[in-house]
Amino acid sequence: MTGPTPPGARGEGDGAEGTAATPAAASARPGPDVAPGPKAGPGFDAGPAVAPAPGSAPTLGTAPTAGAAAAVAPARPVRRDWRGQRPFWGGLLVTLGGAEVLFTLRAPLPVVLHMGMLGIAGYLVPAVMVLCGLLILFNPTQRLFYSFMAVLASLGTWVTSNMGGFLFGMLLGVIGACVTFGWVPDQPLRRGRARRERRRAERRAAAAGGGAAGPAGA
């Protein structure tokens, strides 16, 4: 059986408890510049984490998502894709050859040769060349037939239209028709062009990475 605690001992105990509790209370007490945050407890719910939308710009302190990086990366030029799906240079050469022959027919030259009624054949044959060249560019599925017609029209300009536009237009048409006839879709790239495409893809990836790292670092 214990007796009552002396008053002096009780005061010393209270002082010891107060001394032991003071550092913890001081560390838990928020300073003047720190705003007290929400208390975490059994009933506290921080809510689900919200990720940024794929197409939205990254905010400060958040890393961009894969969708945002893909949106920032520059796309491949459309004209190169359009050009790679058809015999572009063959159709262009055939068109230029027919245009050159037509130009020689209208040029102010002292010697101009025409054959046929009112020189209609001299204009009709190079016009067929121009038409075949345009069809090769815009309807490449029938490129074999158009190239066959183009080479016949090019050779026909030798006797109908100033010796094939003084030989230059005829040569352009024949070379373009041969290039078109030998063109194959979905053929593998040459080593030089494959190397250029790989370097271009690396530059696009580096530019996309630099643009994505800029907002994140800021």
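Below, each value reflects all heavy atoms present in this structure, side chains not excepted, and no hydrogens, waters or symmetry copies.
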[X] [atom1] to [Y] [atom2] distance, which is reported to the nearest 0.5 Å:
X    : Y    : atom1 : atom2 : answer
L167 : N162 : CG    : CG    : 12.0 Å
F166 : F103 : CZ    : CZ    : 10.5 Å
L137 : C132 : CG    : SG    : 11.5 Å
M170 : T157 : CE    : OG1   : 6.0 Å
I136 : Q142 : CD1   : CD    : 11.5 Å
L102 : M129 : CG    : CE    : 8.5 Å

Test log, rule side chain to side chain contact (heavy atoms under 4.5 Å, CB included), inputs R106 and Y123: CA-CA 10 Å; R106 303 299 300 175; Y123 293 98; 3.3 Å; yes
For residues 88-101, please give each side-chain donor-acceptor pair under 3.5 Å, one per line with the distance, not counting sequence neighbours.
| from | atom 1 | to | atom 2 | distance (Å) |
| --- | --- | --- | --- | --- |
| T95 | OG1 | G91 | O | 2.8 |
| E100 | OE1 | G169 | N | 3.0 |

Without swapping roles, check the side chain of T160 against the backbone of G122 for a donor-acceptor pair under 3.5 Å.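 Checked: no pair found.
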With a 4.0 Å cut-off, would you call R199 and E202 a salt bridge?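 Salt bridge: no.
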Treat each ILVMFWY residue as a node, draw an edge where side-chain heavy atoms are under 4.5 Å apart, and state whether [X] and [Y] are in one component.
X    : Y    : value
L171 : W158 : yes
I175 : L172 : yes
L152 : Y146 : no

Considering all heavy atoms of both residues, which atom of S161 and which atom of P126 are nearest to each other, and what is their separation?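 What the structure gives for the nearest pair is OG-CD, 3.6 Å.
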